[in-house]
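Worksheet for the structure shown next.
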There are 2 protein chains.
Amino acid sequence: MILTKTTEYAVRVLTFMASQNEDLFSAKYIHKQLNIPYKYLTRLMTDLAKHGCLSSIRGRQGGFKFTKKLSDISLAKIIEAVEGMDSFNACILGFDECSSDNPCAMHYVWEKNKAEFIKTLENTTLDDINHFKVTRF
Amino acid sequence: MILTKTTEYAVRVLTFMASQNEDLFSAKYIHKQLNIPYKYLTRLMTDLAKHGCLSSIRGRQGGFKFTKKLSDISLAKIIEAVEGMDSFNACILGFDECSSDNPCAMHYVWEKNKAEFIKTLENTTLDDINHFKVTRF
DNA sequence: CATAATTACTACACAAAAGTAGTATTTATT
DNA sequence: AATAAATACTACTTTTGTGTAGTAATTATG
């Protein structure tokens, strides 16, 4: 597995929102559009709001919206908000410390791919993704 | 998360065995050396044997050993035996089908890294790893 | 002011992964 | 033949991630 289910949801929600020409989105609406379990989704979005990926507005006619620029929200930030980037920064074999000085069996192999991947996650923002071809959320 | 805990164990066990100048290894010995829960380990190793990564020898003085060449056992094979390479081949956002024709939001971003990573997993064998610097198993 | 529609919170239920325990089976040693 | 040491199998327990349910708090609308 690469991303947890919850992170999948988070990315789908945020990229979807970014792709629509709307300001405010209710959890109910997103639930219907993306078919993500409603209650689980509300908790996730509240969480994303707490981590600064979104702003939430309570009460009737409330919902969620971006207040940050889309170009300031990277995939790495989203992942960090949900499962944490440690999933990727940490040693792939689970050792507490792992470095070129004291490497695990996969250190060398994973080193390069990891650096590339993390760089991509850090450099790719919702704004970038908005310019890609995406046919499903 | 990249690899499941069980896959971590599998890689640690096999790379460790490959690094030692021994023919036969008991689960008990590996448990002591690598500090992996004994019962869980025996099940895993039996499983690895069933998938052809190892051969098992029952009875007193029994144990596990390689019968294939180390250069024939790739990381991809090990992962396939435990969690399955689908973890990596499948769409990173969990869609059943995902292609350049019908891409998810991360398709483009993950495409290149994924290809690289999988190629590395397929091309790197226990024999290769044996030639790397590894200080911990 | 009452109601309705929304987010926020809390507790529980379910499922999958990880770990534990006990027994059966096999085979070398005595 | 009996014992000991190993793998093989099966069932159970624990932990974690995912999903469900109900209620509280907030705020626009009538």
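Each chain gets a letter, A, B and so on, in the order its sequence line appears, and its residues count up from 1. These numbers were taken from a predicted model, which means no experiment stands behind them.
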Original post:
After noting the C-alpha distance and the side-chain angles of A/Phe88 and A/Phe117, does the key distance pass the ring pair (Phe, Tyr, Trp, His ring centres under 6.0 Å) rule?
Top reply: CA-CA 9 Å; A/Phe88 302 101; A/Phe117 185 45; 5.5 Å; yes
**OP:** Using atom NZ of A/Lys39 as one end and atom C1' of D/dG22 as the other, report the distance to the nearest whole Å.
**Re:** 7 Å
**OP:** Would you indicate what A/Ser26 reaches in the nucleic acid, counting non-hydrogen atoms under 4.0 angstrom: base, sugar-phosphate, or nothing?
**Re:** sugar-phosphate
**OP:** Quick one: label B/Ala27 by what it contacts on the DNA or RNA (base, sugar-phosphate, nothing), any heavy atom closer than 4.0 Å.
**Re:** sugar-phosphate
**OP:** Can you tell me the distance, in whole Å, between the CE atom of B/Met1 and the C1' atom of D/dT18?
**Re:** 13 Å
Original post:
DNA chain D: A/Pro37 or B/Met45, which has the more 5' nearest nucleotide?
Top reply: B/Met45
**OP:** Can you sort out which residues in residues 72-89 of chain B have a heavy atom within less than 4.0 Å of DNA chain D? Ascending by number, please.
**Re:** none
**OP:** Would you list the pairs meeting side chain to side chain donor-acceptor pair (under 3.5 Å) in which at least one residue belongs to residues 33-48 of chain B, sequence neighbours left out?
**Re:** B/Thr6-B/Tyr40
**OP:** Identify the heavy atoms of A/Ser100 and B/Lys133 that sit nearest to each other, and give their distance.
**Re:** O-NZ, 3.4 Å
Subject >> For the student: nearest non-hydrogen atoms of B/Met1 and A/Glu83, plus distance >> reply: N-OE1, 3.2 Å
**OP:** Apply the test side-chain hydrogen bond (donor to acceptor under 3.5 Å, both in side chains) to residues A/Thr120 and B/Asn113: give CA-CA distance (whole Å), side-chain angles for both, the deciding distance (0.1 Å), then the verdict.
**Re:** CA-CA 9 Å; A/Thr120 304; B/Asn113 286 292; 3.2 Å; yes
**OP:** Using atom CG of B/Leu41 as one end and atom P of D/dA8 as the other, report the distance to the nearest whole Å.
**Re:** 12 Å
Original post:
Do B/Ser19 and B/Asn130 pass the side-chain hydrogen bond (donor to acceptor under 3.5 Å, both in side chains) test, and can you show the C-alpha distance, the side-chain angles, and the key distance before you say yes or no?
Top reply: CA-CA 6 Å; B/Ser19 77; B/Asn130 240 346; 5.2 Å; no
**OP:** Take the protein atom CZ of B/Phe25 and the nucleotide atom C1' of D/dT7, then report the distance between them rounded to whole Å.
**Re:** 17 Å
Original post:
Is any side-chain N or O of B/Tyr9 closer than 4.0 Å to OP1 or OP2 of C/dG19?
Top reply: yes
Original post:
Any side-chain N or O of B/Thr46 less than 4.0 Å from the OP1 or OP2 oxygen of D/dA8?
Top reply: yes
Original post:
Where along residues 52-63 of chain A does a heavy atom come under 4.0 Å from DNA chain D, residue by residue in number order?
Top reply: A/Arg58, A/Gly59, A/Arg60, A/Gln61
Original post:
Any chance the side chains of B/Ser99 and B/Asn102 put a donor and an acceptor closer than 3.5 Å?
Top reply: no
Original post:
At under 4.0 Å, does any side-chain N or O of A/Lys50 touch on OP1 or OP2 of C/dC9?
Top reply: yes
Subject >> For atom CZ of A/Arg43 and atom C1' of D/dT23, their distance in whole Å >> reply: 15 Å
**OP:** Would you indicate what A/Tyr38 reaches in the nucleic acid, counting non-hydrogen atoms under 4.0 angstrom: base, sugar-phosphate, or nothing?
**Re:** base
Original post:
Would you find a donor on one side and an acceptor on the other, under 3.5 Å apart, between the side chain of B/Thr124 and the backbone of B/Leu121?
Top reply: no
**OP:** Ignoring hydrogens and angles, tell me if any N or O in the side chain of A/Lys65 forms a donor-acceptor pair with the backbone of A/Leu54 under 3.5 Å.
**Re:** no
**OP:** List in chain and number order the residues that pass ring pair (Phe, Tyr, Trp, His ring centres under 6.0 Å) with B/Phe25, two or more places apart in sequence or in another chain; answer none if no residue qualifies.
**Re:** none
**OP:** To the nearest Å, give me how far apart CZ (B/Phe64) and C1' (C/dT26) are.
**Re:** 13 Å
Original post:
Quick one: B/His31 NE2 to C/dA18 C1', roughly how many Å, whole number?
Top reply: 16 Å
**OP:** Find the distance A/Lys28:NZ to C/dA4:C1' and express it as a whole number of Å.
**Re:** 11 Å
Original post:
So which pairs with a foot in residues 48-86 of chain B pass ring-ring contact (aromatic ring centres under 6.0 Å, His included), sequence neighbours left out?
Top reply: none
**OP:** State which residue, out of A/Lys5, A/His31, A/Glu8, A/Arg12, fulfils the side-chain contact (heavy atoms from CB on, under 4.5 Å) condition with A/Ile36.
**Re:** A/Arg12
Distances for protein N/O vs nucleotides 13-17 of chain D N/O pairs under 3.5 angstrom?
none

